[in-house]
**Q** 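Can you read through this structure? Questions will come right after.
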Protein chains: 2
Amino acid sequence: LIKMNNVFKTYVLGEVKVPALHAISLNLEDNEYVAIMGPSGSGKSTLMNIMGCLDTPTTGTYYLGRKDVSSLNDNQLSDIRNTKIGFVFQTFNLLPRSSALRNVELPLIYSGMPSLKRKQLAMDVLERVGLNDRMMHKSNELSGGERQRVAIARALVNKPSLILADEPTGNLDSKTGEEIIEIMQRLHEHGNTIILVTHEEYIAKQTKRIIRLRDGVIESDEKKI
Amino acid sequence: LIKMNNVFKTYVLGEVKVPALHAISLNLEDNEYVAIMGPSGSGKSTLMNIMGCLDTPTTGTYYLGRKDVSSLNDNQLSDIRNTKIGFVFQTFNLLPRSSALRNVELPLIYSGMPSLKRKQLAMDVLERVGLNDRMMHKSNELSGGERQRVAIARALVNKPSLILADEPTGNLDSKTGEEIIEIMQRLHEHGNTIILVTHEEYIAKQTKRIIRLRDGVIESDEKKI
Ligand SMILES: Nc1ncnc2c1ncn2[C@@H]1O[C@H](COP(=O)(O)OP(=O)(O)OP(=O)(O)O)[C@@H](O)[C@H]1O
Ligand SMILES: Nc1ncnc2c1ncn2[C@@H]1O[C@H](COP(=O)(O)OP(=O)(O)OP(=O)(O)O)[C@@H](O)[C@H]1O
Ligand SMILES: [Mg+2]
Ligand SMILES: [Mg+2]
């Protein structure tokens, strides 16, 4: 499903170059359940952004489902991002003055789903993440962990085959965090491919493969038997 | 230092009332080191905002240093917030297009410190949180955990006597998180009062008192001997 070959990502700030990723090569099959770990600033979100077609490598190639992503045009990329990939951002990226419900409906509006059906689907997934009685709150009228769960619900509502979740439990107490990981586990059993950035070892232990980054390189890549 | 008596906080959204805090009474002395824990949505950030003079109770009284906060005017409140309290927000609240250095200088600009001295102080505290080579990055050019550390640095730079940190390690790997807690520990030994919201038991165990919230009420309040 995912094939990266010798990917480099360097940010350029005026005269300064920030080498965020260095010689990253990896292969991920369909239906894998992967944790990405590493110190703050080691390149995890940068790697996730490239995998999620939100950013492009400086050099190197990235194949998603055997298509060379650098050969796709903006419309094709937008379509992949909205229908095939569910992305939970580290900083949520919700519309602050729209309700939780509206935020979760957005991917379904994009895919043209009729209004009654999309409301029902959005409500179902909000209920699954425990936000049944917070649906009408605007996202700036929610707690940090509630916003995080709206971001998770929005990523899942389209039932995307690839789920990229960047520290999805960072703002959650351990019980609520485990409920979220339970949802990820079930999606994995249903055939979805799940990639989680986490800094919690107990979460990484529940996945099937742990990739560790350090200073922009892959330090280790271990599959569970 | 902090005395809350029968504090209630209810948010009003049109016709809906959200009772975020219910009958909260607590006393905190100078130089305490307190953890506040509880499920997502239990009222922790709401409590912190009232303690930090960023919000007011719906009913009940709040004394800070024996002054009734509800009797203070805007200028007095602003002065307390900027010189006596250091607040690390759960969502950082940095200026996205200003550098890490500028963000950390802000409280010192407010207190009228001369430019050379304030740059030095800001650089020192950024170095202490491990951001020595990220000082000139704008905050939207930083990783999640780097932004969190800028928010921490900004809260500490004025050497405030009361530090309120709302989930300061939520976006940090465990090693970086421990370095931050180490800084808090040292400030506590120097006489500062520290209140941390955390959902990590290993962090709460290092404090001297754990207050647990559930559904807007204090469920337990335990001091270490
Ligand atoms: N501006 C607001 N308007 C309406 N309700 C709000 C507002 N801010 C927070 N709430 C509600 O008040 C309750 C308490 O919120 P608070 O942010 O204090 O929770 P918290 O304990 O910090 O949660 P978390 O661990 O998820 O950050 C939540 O259920 C939330 O939905
Ligand atoms: N837009 C940008 N411009 C310049 N440098 C950047 C930019 N975004 C990120 N960086 C730098 O690239 C490095 C990797 O960033 P990245 O966000 O991938 O880290 P991360 O592993 O996700 O960290 P965290 O655990 O703190 O979220 C960081 O050192 C960061 O300062
Ligand atoms: Mg990150
Ligand atoms: Mg909170």
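Naming convention: chains lettered A, B, ... in sequence-line order (proteins, then strands); numbering from 1 in each chain.
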**Q** Check each atom of A/Val16 against the heavy atoms of chain B and say whether the ones under 4.5 Å are side chain, backbone, both or neither.
**A** neither

**Q** Please report the shortest heavy-atom distance between A/Asn171 and B/Gln90, naming the atom on each side.
**A**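 Nearest heavy atoms, A/Asn171 then B/Gln90: OD1-NE2, 3.1 Å.
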
**Q** So which of B/Gly177, B/Ser45, B/Pro39, B/Gly14 has the biggest tally of heavy-atom pairs under 4.5 Å with chain A?
**A** B/Pro39

**Q** Under 4.5 Å from any heavy atom of chain B, what part of A/Glu146 do you find: side chain, backbone, both or neither?
**A**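 Looking at A/Glu146, backbone and side chain both touch chain B.
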
**Q** Taking all non-hydrogen atoms of both residues, which atom of B/His199 and which atom of A/Thr169 are closest, and how far apart?
**A** NE2-O, 4.0 Å

**Q** To the nearest 0.5 Å, what is the distance between CE (B/Met136) and CG (A/Leu13)?
**A**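 One gets 10.5 Å once the value is rounded to the nearest 0.5 Å.
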
**Q** Below 4.5 Å from any heavy atom of chain A, which atoms of B/Glu200 appear? Answer side chain, backbone, both or neither.
**A**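 Interface part for B/Glu200: side chain.
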
**Q** Just checking B/Asp215: does its CG atom have more than 12 heavy atoms from other residues, nucleotides or ligands closer to it than 6.0 angstrom?
**A**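 For B/Asp215, atom CG is not crowded (no more than 12 foreign heavy atoms under 6.0 Å).
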
**Q** Under 4.5 Å heavy-atom distance to chain A, tell me which part of B/Thr46 shows up: side chain, backbone, both or neither.
**A**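 Neither; nothing under 4.5 Å.
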
**Q** More than 12 foreign heavy atoms under 6.0 Å from CD of A/Glu222: is that the case here?
**A**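 No, CD of A/Glu222 has 12 or fewer neighbouring heavy atoms, counting only those of other groups under 6.0 Å.
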
**Q** Can you tell me how far the CZ atom of A/Arg147 sits from the OG1 atom of B/Thr91, to the nearest 0.5 Å?
**A** 5.5 Å

**Q** Please look at B/Ser40 and chain A and tell me whether the side chain, the backbone, both or neither of the residue comes under 4.5 angstrom of a heavy atom of that chain.
**A** both

**Q** Around B/Asp74, counting heavy atoms of other residues, nucleotides and ligands shown, do more than 12 lie under 6.0 Å from its CG?
**A** no

**Q** Please identify, among A/Glu141, A/Lys175, A/Arg134, the residue contributing the most non-hydrogen atom pairs under 4.5 Å to chain B.
**A**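 The residue among A/Glu141, A/Lys175, A/Arg134 with the greatest pair count is A/Glu141.
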
**Q** How many angstroms lie between atom CG of B/Asp173 and atom CE of A/Met37, to the nearest 0.5 angstrom?
**A**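 One gets 8.5 Å once the value is rounded to the nearest 0.5 Å.
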
